[in-house]
2 protein chains.
Amino acid sequence: MEPERQDEGGAATGTLGKAIAVLETVALADRPMRFTDVLAVSGQPRGTLHRQLSHLVQEGLLELRPDHSYTPGLRLLKLASASWARNEFRAVAAPFLEALHRETGETVHLGVLRGREIIYLDKVESRQAVRMNSQIGNASPVYCTGVGKAALSVLDAAALNAILSGLEFRRFTPQTLADRASLLAELSEIRASGIAFDREEHEPGIRCVAAPVFDAGRALFAGVSVTGPAYRVGQEQLDGWAPRVSHAARAITAELAARLGPQR
Amino acid sequence: MEPERQDEGGAATGTLGKAIAVLETVALADRPMRFTDVLAVSGQPRGTLHRQLSHLVQEGLLELRPDHSYTPGLRLLKLASASWARNEFRAVAAPFLEALHRETGETVHLGVLRGREIIYLDKVESRQAVRMNSQIGNASPVYCTGVGKAALSVLDAAALNAILSGLEFRRFTPQTLADRASLLAELSEIRASGIAFDREEHEPGIRCVAAPVFDAGRALFAGVSVTGPAYRVGQEQLDGWAPRVSHAARAITAELAARLGPQR
DNA sequence: GACATAAATTCCATTATTTGGAACTGAGTT
DNA sequence: AACTCAGTTCCAAATAATGGAATTTATGTC
């Protein structure tokens, strides 16, 4: 057995960590799971898992339906609601994302740099509020997403270096920038133009334009993007959207400085 | 010390329960809390609390900022997104709530009966997506809210009796129905009309019209409401909205039966 | 800049909780 | 009636949490 993980963080969180892993398994599943379903993926002994699920149910984080399937509980929804409403960065950016979506008609993302990955914080997809899609909270590589490259482009040399060293490149598509030199070259172009593209570098058939959003004082490096399918969105279209994306990104950056900057 | 709680559920959830209590304290606070702030409300020893917070941070449920304040973490946002998107009942009702809001211009609520309380599941307030307000997940008394009385009105005698026995009435305003007899009388009127009002019975200056939503097969009893301030919304206005509210409630109820009913 | 004060963090023997294999229950099937 | 499978309960052993006190680190004051 592996006694330690090499990842950042380090120490084990004991009981809580296992319980949250179970919670996440159930909450992120695309359909209600029954006891045996959870047992199969959790890799824990029956007795242990049963007690963990019982505790989660008692706490209101999960709900046990009459048919013995587990679903997210109302208390989780409450925490959900609160953490969503109180994420300042997301809240500041939201109206700009909406505007960008109205202007382009395509999917708009807000992603933030976290270690060596991009985590999606918000997404605006359809005009009707189909908010909080499951994409939110998910991680993607920095080096082959528009938002990722945009965020990298505004890092200082030291921080960039810290991320690049130890970054493992994987070729997702033929277009993926799969080595340090290509990425660095691309980043200096992005620094010059203020715009990053994803030309089917992560997923075949998916393109995007992105621009950086940041608040250096808070070590916040992020990006906004407009994404579309390649069959409908050509390079000219991306170029056409670039000014709007850039404008939105600068507006959010300015708003961050104004709203969060002059505190205490 | 009290060895047991008389509340439903019973057994203690040990470590997890305490950790979640801490998580909730921080996540529901209206501003970032520092260690001492949490210590003051948690009532736990320093060492214990510190380890709990550390674990929550390591799990990504909380985030520790450079200024030593704790805020909800990205993993909580991820769980948020998922549990929000996957709550079937909320998702089924959402478009009808939107429509009701467009028709009335006032705040629309969706609340569900949980034990002896109403828990708010969704809320549509402004046209711009200010969704997931902090009200969501909060509990209110059944006997003095429109949604609560609407939900009670569709319960069968046994279930209603189980809730009423042991219900403690509190007079929030001069209009509050603060005893069983008044409430029962009101409920039979609601049963006859299919419409419940809150005439400043819970909060002074706040009125609403509500109608019941239910899926008896799943023991789901809920309600939708349109709420407004008394200075702007008179009884005539509530009466005027009543048909629309009632229509929305029946539409949701029907949709539930169609979407959730014929499963397995 | 040095000092005083408060806040945050670490330590570790004690204590309580989790662990997990196995036995039990009950519903559905052959 | 015997069999299977999902879910639940049990309890001695192993493990993780506890919490008071000491230590380090931040913050404010003169």
Side-chain angles (χ1 to χ4, degrees), chain A residues 1-5 8-26 29 31-59 61-71 73 217-219 263-264, chain B residues 1-5 8-26 29 31-71 73 263-264:
Chain A
M1 287 194 183
E2 35 182 285
E4 291 182 39
R5 307 291 309 245
E8 60 190 319
T13 55
T15 307
L16 179 68
K18 293 168 200 163
I20 298 302
V22 171
L23 174 63
E24 200 169 62
T25 299
V26 176
R31 55 206 183 73
M33 296 178 88
R34 302 236 310 284
F35 179 80
T36 321
D37 303 325
V38 186
L39 183 63
V41 302
S42 80
Q44 294 205 82
R46 307 171 80 76
T48 301
L49 180 66
H50 190 264
R51 182 180 33 74
Q52 287 167 339
L53 285 168
S54 302
H55 282 177
L56 288 166
V57 169
Q58 274 176 54
E59 286 301 320
L61 297 173
L62 289 181
E63 212 155 291
L64 179 54
R65 295 177 172 179
D67 70 335
H68 292 223
S69 67
Y70 293 90
T71 50
R218 302 188 172 235
Q263 65 147 207
R264 71 168 32 255
Chain B
M1 289 194 184
E2 35 181 286
E4 292 182 37
R5 310 290 308 245
E8 60 189 320
T13 56
T15 307
L16 180 67
K18 293 168 199 162
I20 299 301
V22 171
L23 174 63
E24 199 169 62
T25 299
V26 175
R31 54 205 183 73
M33 296 180 89
R34 302 234 311 284
F35 179 80
T36 322
D37 303 325
V38 186
L39 183 63
V41 301
S42 80
Q44 293 205 81
R46 307 177 81 75
T48 301
L49 179 66
H50 190 265
R51 182 179 33 73
Q52 288 167 338
L53 284 167
S54 302
H55 283 176
L56 289 166
V57 168
Q58 275 175 55
E59 286 301 321
L61 297 173
L62 289 181
E63 212 155 292
L64 179 54
R65 294 178 173 178
D67 71 335
H68 293 191
S69 67
Y70 293 89
T71 51
Q263 66 147 205
R264 76 168 30 256

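Chain A is the first sequence line, chain B the second, and so forth, proteins listed ahead of strands; every chain is numbered from 1.
We find that CG of B:Leu39 is positioned 15 Å from C1' of D:dA21, with the value rounded to whole Å. The separation between A:Arg34 atom CZ and D:dC5 atom C1' is 10 Å, rounded to whole Å. Atom-to-atom, CZ of A:Arg51 to P of C:dG20 comes out at 9 Å; the value is rounded to the nearest Å. Going from atom NE2 of A:His55 over to atom C1' of C:dT19 covers 12 Å, rounded to whole Å. Rounded to whole Å, the distance from CG on A:Leu49 to C1' on D:dT9 is 14 Å.
For B:Lys18 and C:dT17, the shortest distance from a side-chain N or O to OP1 or OP2 is not below 4.0 Å. The shortest distance between the side-chain N/O atoms of A:Thr15 and the OP1/OP2 oxygens of D:dT15 is not below 4.0 Å. In terms of phosphate contacts, B:His50 brings a side-chain nitrogen or oxygen within less than 4.0 Å of OP1 or OP2 of C:dT9.
Within 4.0 Å of B:His68, counting heavy atoms only, lie sugar-phosphate atoms of the nucleic acid but no base atom. Within the 4.0 angstrom heavy-atom criterion, only backbone atoms of the sugar-phosphate kind lie near A:Thr36; the bases stay farther away. Nucleic acid contact class of B:Gln44 (heavy atoms, under 4.0 Å, all strands): none.
When atom types are taken as modelled, the side chain of B:Ser69 and the backbone of B:Arg65 share no donor-acceptor pair closer than 3.5 angstrom.
Among the nucleotides C:dT9, D:dT8, C:dG20, the one closest to the side chain of A:Leu64 is D:dT8.
Within 3.5 Å, a donor on the side chain of A:Arg46 pairs with an acceptor on the base of D:dG7, or the reverse.
In this structure, A:Val26 and A:Thr71 have side chains that are not in contact, with every pair of non-hydrogen atoms separated by 4.5 Å or more.
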